[in-house]
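One-based numbering, in listed order, for ligands and for the atoms of each.
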Amino acid sequence: MTTDIAQVKAALRAQHIETPSWAYGNSGTRFKVFAQEGVPRTPQEKIDDAAQVHRFTGVAPTVALHIPWDRVEDYAALAVYARDRGVRVGAINSNVFQDDDYMLGSVTNPDPAVRKKALGHLLDCVDIMDATGSRDLKLWFSDGTNYPGQDDIRARQDRLAEALAAVYERLGDDQRFLLEYKLFEPAFYSTDVPDWGTSYAHCLKLGPKAQVVVDTGHHAPGTNIEFIVAFLLREGKLGGFDFNSRFYADDDLMVGAADPFQLFRIMHEVIQGGGFSDEIAFMLDQCHNIEPKIPGQIRSVMNVQEATAKALLVDGEALRSAQRAGDVLGANAVFMDAYNTDVRPLLAELREEMGLDPDPMAAYARSGYFEKIRDERKDGQAAGWGA
Ligand code: LRH
Ligand code: MN
């Protein structure tokens, strides 16, 4: 049975990809941060740039904030500022990885005073969600150790569980937290939330407002990420994605750039698992260290659209009947036919039907927006990963 293109277009039109405020600021590695022209200096200017990505793609209506990188006096006013530019404030990202006190950990630190301080920040982030109307609090902990024996692995899990329970308690009925895991870095011996299983176990104990977020750059090489996605969806515990791609470690490159086939396989499991809904937050978490920021985000959104369109074109009936028949090559062929389909004409057509330019990259380049911000943002401190 051929796939209903109208249905595919309807799904793509309803897609919602969240861009991260920090992708518009300067970023780099421990070796160097290459500053770029026209980089935003304030959370408001980051929102202006995020609004451009939505203007040209039509599917990026929210922007995630990171606290304190996006600290403002009045978060409700910031939410209005965003709405006036056609976007909304999305997930609030906590940051307990840059303060001197967190050298030996934040919520897992041996020192109860440091744990109290870290928890205080997490609870402040929920206050911010109340002001911005955000549903999601994204929790990533850099907590871990560098040498065996440095601290008690079990005791650190007790401390983590205590903090998560306190945050869970504070969440409103329509709010949830997404617990992110990461194999390593900045800790190089043990990380307190190193893998999906640890995040899943903590979230399961707490309840429905605690979900797992899958950052596609946070796994050991060779990990079958789509298996994790399928499993968490089946458990009703997949809260969202931090999309990016990597060749080696947490490279935070453009999603789909390093491994477009993996992104397709992930989106296939999302669709198979009924995850193509607002219950799953599709967020980008990237750093454009050497490429222009706004075009980098537009290209990334297009990469997610292309992988999603290909996954929506999988002939489900043919696939299931080949699978039931044990027809290994047949099933794989159905899968690869969708992946090898050039969906760019379909997406260009869809953009035109949405009243958008079929080529968002060219349209942005022609818009003169970059030249405008380059001239406007000459003075002042460009935003980056510093508070
Ligand atoms: C950690 C991480 C986390 C964010 C940070 C910007 O590596 O993926 O999601 O807080 O990047
Ligand atoms: Mn992330």
Side-chain angles (χ1 to χ4, degrees), residues 17-30 33 40 43 46 50 62-71 89-99 102 105-108 118 121-122 124-125 128-129 134 136-144 167 176-188 191-196 198-199 211-220 223 225 228-229 232 238-246 248-256 258 263 266 280-289 293 296-297 300 304 383-387:
I17 300 160
E18 182 158 304
T19 68
S21 66
W22 55 98
Y24 302 104
N26 282 325
S27 60
T29 70
R30 58 184 166 176
V33 171
K46 295 176 192 176
T62 57
V63 53
L65 301 184
H66 218 296
I67 310 299
W69 299 341
D70 298 314
R71 177 183 287 142
V89 172
I92 300 299
N93 286 258
S94 59
N95 180 335
V96 286
F97 54 86
Q98 284 188 313
D99 191 296
Y102 300 146
S106 64
V107 295
T108 64
H121 169 73
L122 304 182
D124 290 348
C125 286
I128 293 171
M129 290 162 69
S134 299
D136 295 340
L137 171 66
K138 185 141 76 65
L139 299 175
W140 174 65
F141 299 103
S142 59
D143 294 43
V167 176
R176 56 187 195 166
F177 73 57
L178 309 179
L179 181 58
E180 188 170 357
Y181 58 88
K182 181 174 179 179
L183 184 64
F184 80 102
E185 190 209 35
F188 294 109
T191 292
D192 296 298
V193 188
D195 55 27
W196 72 271
T198 306
S199 175
Q211 300 279 85
V212 179
V213 59
V214 175
D215 184 312
T216 46
H218 287 187
H219 305 82
T223 299
I225 299 176
I228 298 170
V229 170
L232 290 172
L238 178 67
F241 290 95
D242 264 7
F243 277 137
N244 50 62
S245 70
R246 51 80 168 279
Y248 303 103
D250 190 17
D251 309 351
D252 280 342
L253 299 173
M254 290 190 296
V255 59
L263 183 59
I266 289 171
I280 310 289
F282 296 97
M283 304 171 285
L284 301 180
D285 179 5
Q286 298 173 179
C287 300
H288 302 293
N289 298 345
K293 318 275 182 187
Q297 286 290 293
S300 302
V304 175
W385 279 43

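Of all the heavy atoms of D252, none lies under 4.0 Å from any atom of ligand 1, so neither backbone nor side chain is involved. Only the side chain of D250 comes within 4.0 Å of ligand 1, counting heavy atoms alone; its backbone N, CA, C and O stay farther away. Heavy atoms of W385 found under 4.0 angstrom from ligand 1 belong exclusively to the side chain.
With contacts defined as side-chain heavy-atom distances shorter than 4.5 Å, the pair F243/V304 qualifies. Counting only heavy atoms from C-beta outward, the side chains of L284 and I17 approach each other to under 4.5 Å. When side chains are defined from C-beta on, Y181 does not count as touching T198, because their heavy atoms never get closer than 4.5 Å. For the pair Q286/S27, no side-chain contact is recorded, criterion being any heavy-atom separation below 4.5 Å from C-beta on. Contact of the L179 side chain with the V193 side chain is registered, since non-hydrogen atoms from C-beta on lie closer than 4.5 Å. Residues S94 and H121 form a side-chain contact, since some pair of their non-hydrogen atoms from C-beta on lies under 4.5 Å apart.
With hydrogens left out, the protein atom closest to atom 9 (O) of ligand 1 is E180 OE1, 2.7 Å, a heavy atom. For atom 11 (O) of ligand 1, the nearest protein heavy atom (residue, atom name, distance) is D285 OD2, 3.3 Å. Ranking the protein heavy atoms by distance from atom 4 (C) of ligand 1 puts H66 NE2, 3.7 Å first.
Between the Mn ion (ligand 2) and D242 there is an N/O/S contact shorter than 2.8 Å.
Below 4.0 Å from some heavy atom of K138 lie the following atoms of ligand 1, by number and element: 9 (O). Atoms of ligand 1 found under 4.0 Å from any heavy atom of D215 (numbered from 1 in listed order, with element): 8 (O). Near K182, with a cut-off below 4.0 Å to any heavy atom, the atoms of ligand 1 are 7 (O).
Contact annotation: E185 has no heavy atom less than 4.0 Å from any atom of ligand 1.
For the residue pair N244/D251, the side-chain donor-acceptor check at 3.5 Å is not satisfied. A donor and an acceptor atom, one from each side chain of Y24 and H288, are nowhere located under 3.5 Å apart. Judged purely by distance below 3.5 Å, without hydrogens or angles, the side chains of W22 and D285 pair a donor atom with an acceptor atom.
Closest N/O/S atom of D215 to the Mn ion (ligand 2): OD2. Considering just the N/O/S atoms of D285, the one nearest the Mn ion (ligand 2) carries the name OD2. The N, O or S atom of E180 lying closest to the Mn ion (ligand 2) is OE2.
The distance criterion of under 3.5 Å between nitrogen or oxygen atoms is met by D242 with respect to ligand 1.
Although no hydrogens or angles enter the test, the distance criterion places no donor-acceptor pair under 3.5 Å between the side chain of Q98 and the main chain of P68.
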